[in-house]
Engineer: 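Right, I'll just put the structure down here and ask away after.
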Amino acid sequence: MPFNLEDLRKARRELAQFGANTLSSNHDRYIFPFFKGSYFAYRKVDVLRTVAVAKAISSNPKYLDVGCGYGDFLKQVRKFIPNAEGIEKEAGIFYGLGIIKPDYISIADAHWIDKKYDLIFVGWMEPGQDFRDPIARSTNVIITTLDQGISLESEFDGHGFQRVAWWRTPSWEDVNTEIMNRYYTKMPDSRRTDLAKMRGAHNLWYVYAKPQKVRSVKAALKMQVEKESPIDHRYDFEFILDECGYGYLQKLENPAMLEPMWQVQWN
Ligand SMILES: C[S@@+](CC[C@H](N)C(=O)[O-])C[C@H]1O[C@@H](n2cnc3c(N)ncnc32)[C@H](O)[C@@H]1O
């Protein structure tokens, strides 16, 4: 970004227009991720993993989502950690569009974080942002998601942290492309199948901890993954991911994506 208010207003008009013609009420979160979803396409298991890591540090963890936008992911986390908070730099995304800002989101710049947290979550920060020092000073545990290879804000190895685990999920763009090809573009099925073979899943989740927290974070995440059931624990919108070929533990045909999506890789 940074955001231009006129662009946001235009996007909102386009969202209204899309809403009038959409084939599924769950498509908009992948077509307009900033307003209706998030830049990483998550499942409930991602929320449960994040919550399990936070609860490894404290039964009532202090949780901060940095650059939370309208707080789509944060809202899900708050169902398990009711005091979870977010910060968002751009006041205009609320006040400029007449959208009510929830109390649990503060308008603040991550460079000036002045409290300690048990877990800081940074979901898909745009390229060029670098507030790793203030984040590293303010917590012992970090979960970041990044679009492969373009976000500085997700590499904490040089900041006194160890990477404990990672997994791969689609970005909103991966799903957007598939939805567009499948439902909103006229093309022969054979062509769509060929295109699907090139499909990637470019969003990576990294879990970092300071050395003294590595064992407890790893143990909590392992326990969570062992009891994970994507059938019992899922959001309504997850069927879109299944339909688009982004299934839980599904392996993509693309040879650059070796590990199944959502499979936790341990460091
Ligand atoms: C790409 S959006 C991601 C929003 C949300 N996390 C998601 O995944 O949908 C990045 C957000 O971070 C905010 N942001 C950028 N720099 C920031 C900073 N220094 N402090 C707080 N928020 C920031 C932007 O205004 C924007 O809302």
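As the structure lists them, so they are numbered: ligands from 1, and atoms in each ligand from 1.
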Engineer: Can you check which of Pro134, Gly67, Ala108, Gly92 brings a heavy atom nearest to atom 4 (C) of ligand 1?
Structural biologist: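 When every heavy atom of Pro134, Gly67, Ala108, Gly92 is considered, Gly67 comes closest to atom 4 (C) of ligand 1.
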Engineer: Identify, by atom number and element, the atoms of ligand 1 in contact range of Ala110, meaning under 4.0 Å from any of its heavy atoms.
Structural biologist: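 So the answer, numbered in order with elements, is 18 (C), 19 (N), 20 (N), 21 (C).
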Engineer: Show me which atoms of ligand 1 lie under 4.0 Å from any heavy atom of Gly123.
Structural biologist: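 Heavy-atom distances to Gly123 below 4.0 Å select 3 (C), 5 (C), 6 (N), 8 (O).
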Engineer: Regarding atom 24 (C) of ligand 1: of the candidates Lys89, Glu90, Glu88, which has the closest heavy atom?
Structural biologist: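 Looking at heavy atoms only, Glu88 sits closest to atom 24 (C) of ligand 1.
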Engineer: Relative to the heavy atoms of Asp109, which atoms of ligand 1 are at a distance of less than 4.0 Å?
Structural biologist: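 Those qualifying, in numeric order: 18 (C), 19 (N), 20 (N).
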Engineer: Only counting residues at least two apart or in another chain, list the ones meeting salt bridge (Lys or Arg N to Asp or Glu O under 4.0 Å) with Lys79.
Structural biologist: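 If we apply the salt bridge (Lys or Arg N to Asp or Glu O under 4.0 Å) test to Lys79, skipping adjacent residues, there are no hits.
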Engineer: Sequence neighbours left out, what passes ring-ring contact (aromatic ring centres under 6.0 Å, His included) with Phe18? Give chain and number order.
Structural biologist: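 In terms of ring-ring contact (aromatic ring centres under 6.0 Å, His included), with neighbours along the sequence ignored, Phe18 is linked to Phe32, Tyr184.
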Engineer: Can you check whether Phe80's main-chain N or O pairs, donor with acceptor, with Lys55's side chain at less than 3.5 Å?
Structural biologist: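 Answer holds: yes.
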Engineer: Under a 3.5 Å threshold, yes or no: a donor from one side chain and an acceptor from the other, between Thr169 and Trp205?
Structural biologist: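 Note: Thr169 and Trp205 side chains meet the donor-acceptor criterion.
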Engineer: Run the numbers for me: atoms of ligand 1, each under 4.0 Å from some heavy atom of Trp124, listed by number.
Structural biologist: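 Answer for ligand 1: 1 (C), 2 (S), 3 (C), 8 (O), 10 (C).
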Engineer: Looking just at side-chain N and O atoms, do Glu228 and Tyr248 make a donor-acceptor pair shorter than 3.5 Å?
Structural biologist: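 Tyr248 and Glu228 do have a side-chain donor-acceptor pair below 3.5 Å.
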Engineer: Any idea which atoms of ligand 1 are less than 4.0 Å away from a heavy-atom of Phe40?
Structural biologist: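 Here the atoms of ligand 1 in question are 8 (O).
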Engineer: Does any donor atom in the side chain of Tyr39 or Asn203 lie under 3.5 Å from an acceptor atom in the other side chain?
Structural biologist: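 Looking only at side-chain atoms, Asn203 and Tyr39 do not form any donor-acceptor pair under 3.5 Å.
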Engineer: Could you tell me, atom by atom, which parts of ligand 1 come under 4.0 Å of a heavy atom of Phe34?
Structural biologist: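 Counting from 1, the qualifying ligand atoms are 27 (O).
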